[in-house]
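To find a chain, count down the sequence lines: A is the first, B the second, and so on, and within it residues start at 1.
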Amino acid sequence: GIQVEQSPPDLILQEGANSTLRCNFSDSVNNLQWFHQNPWGQLINLFYIPSGTKQNGRLSATTVATERYSLLYISSSQTTDSGVYFCAVERSGGYQKVTFGIGTKLQVIP
Amino acid sequence: KAGVTQTPRYLIKTRGQQVTLSCSPISGHRSVSWYQQTPGQGLQFLFEYFSETQRNKGNFPGRFSGRQFSNSRSEMNVSTLELGDSALYLCASSLMASGGLNEQFFGPGTRLTVL
């Protein structure tokens with residue numbers, strides 16, 4: 001099946017710092033989505049981004065489908081950004097349609 | 001518009017028992033997917049339903065089953081529980097007929113503990 005690798009696995013930031021999270025995938029995908037899981041387990045949609053660039057406030061994402069990677073940028077990080085960030089991809093067919101990466105655990109300290 | 005709701009939020013069962021979890025999607029959404037999240041395996045896709053039909057399934061044993069009702073509410077059932085079934089079970093709904101990621105919106109999850 002498709003492999004989804006996220007890096008770094010863990011990240012500690014000082015409040016106000018910027019960061020880049022990466023998601024690499026091993027095969028062509030139809031769709032890609034970034035999620036933030038808060039400490040209570042709730043998965044929150046950040047971006048639905050099969051290709052191109054999107055921005056939402058302090059967050060932005062870029063997917064280069066032809067090179068099989070996506071990047072999530074967090075600027076001016078805040079303590080509320082803490083949690084785990086997941087990348088999920090969907091391929092066009094096959095047995096397991098949706099695959100999640102293992103996530104990047106982000107801790108923002110004041 | 002109300003989000004995805006899951007009940008119950010927490011559940012404790014013993015080995016060998018069975019459990020049923022419920023998910024109500026966002027109003028108007030007809031696709032419901034289920035995921036299992038564990039520390040060791042991460043987030044894994046269980047199955048997806050659309051218009052009461054299972055459209056796709058992940059690599060889980062037959063003890064895991066599900067169904068969807070005409071109002072798009074979905075249930076998943078796990079029979080003969082094992083310790084390894086302890087996990088956070090997440091439900092997601094989406095609007096698009098083709099299912100898959102298509103901007104999935106997740107519920108708060110049901111945390112199942114098997115003793």
> Picking from Phe100(A), Phe86(A), Tyr85(A), what satisfies ring-ring contact (aromatic ring centres under 6.0 Å, His included) with Phe35(A)?
Replying inline: Phe100(A)
> Where do Lys54(A) and Tyr48(A) come nearest, in terms of heavy atoms and distance?
Replying inline: NZ-O, 2.6 Å
Can you tell me how far apart [atom1] ([X]) and [atom2] ([Y]) are? Round to the nearest 0.5 Å.
X	Y	atom1	atom2	answer
Leu13(A)	Ile74(A)	CG	CD1	7.5 Å
Thr53(B)	Arg30(B)	OG1	CZ	10.0 Å
Leu72(A)	Trp34(A)	CG	CH2	5.0 Å

> Is chain A contacted by the side chain of Gln37(B), its backbone, both, or neither, given a heavy-atom distance below 4.5 Å?
Replying inline: side chain
>> Between Leu88(B) and chain A, with a heavy-atom cut-off of 4.5 Å, which part of the residue counts as in contact: side chain, backbone, both or neither?
In response: side chain
> Do Arg22(A) and Tyr69(A) meet the cation-pi criteria used here (NZ or CZ under 6.0 Å from the six-membered ring centre, within 45° of the axis)?
Replying inline: yes
> Quick one: which residues of residues 36-44 of chain A reach chain B at under 4.5 angstrom, heavy atoms only?
Replying inline: Gln37(A), Gly41(A), Gln42(A), Leu43(A)
>> Could you check whether atom CD of Gln54(B) has more than 12 heavy atoms from other residues, nucleotides or ligands sitting under 6.0 Å from it?
In response: yes
> Taking side chain as C-beta onward, heavy atoms only, is Leu112(B) less than 4.5 Å from Tyr89(B)?
Replying inline: yes
> Hey, mind stepping through Tyr49(B) and Phe47(B) against ring pair (Phe, Tyr, Trp, His ring centres under 6.0 Å) and telling me if it holds?
Replying inline: CA-CA 7 Å; Tyr49(B) 286 87; Phe47(B) 27 66; 5.7 Å; yes
>> Taking the basic N atoms (NZ, or NE/NH1/NH2) and the acidic carboxylate oxygens, is any pair closer than 4.0 Å for Arg63(B) and Glu82(B)?
In response: yes
> Using non-hydrogen atoms and a limit below 4.5 Å, what part of residues 11-18 of chain B faces chain A?
Replying inline: none
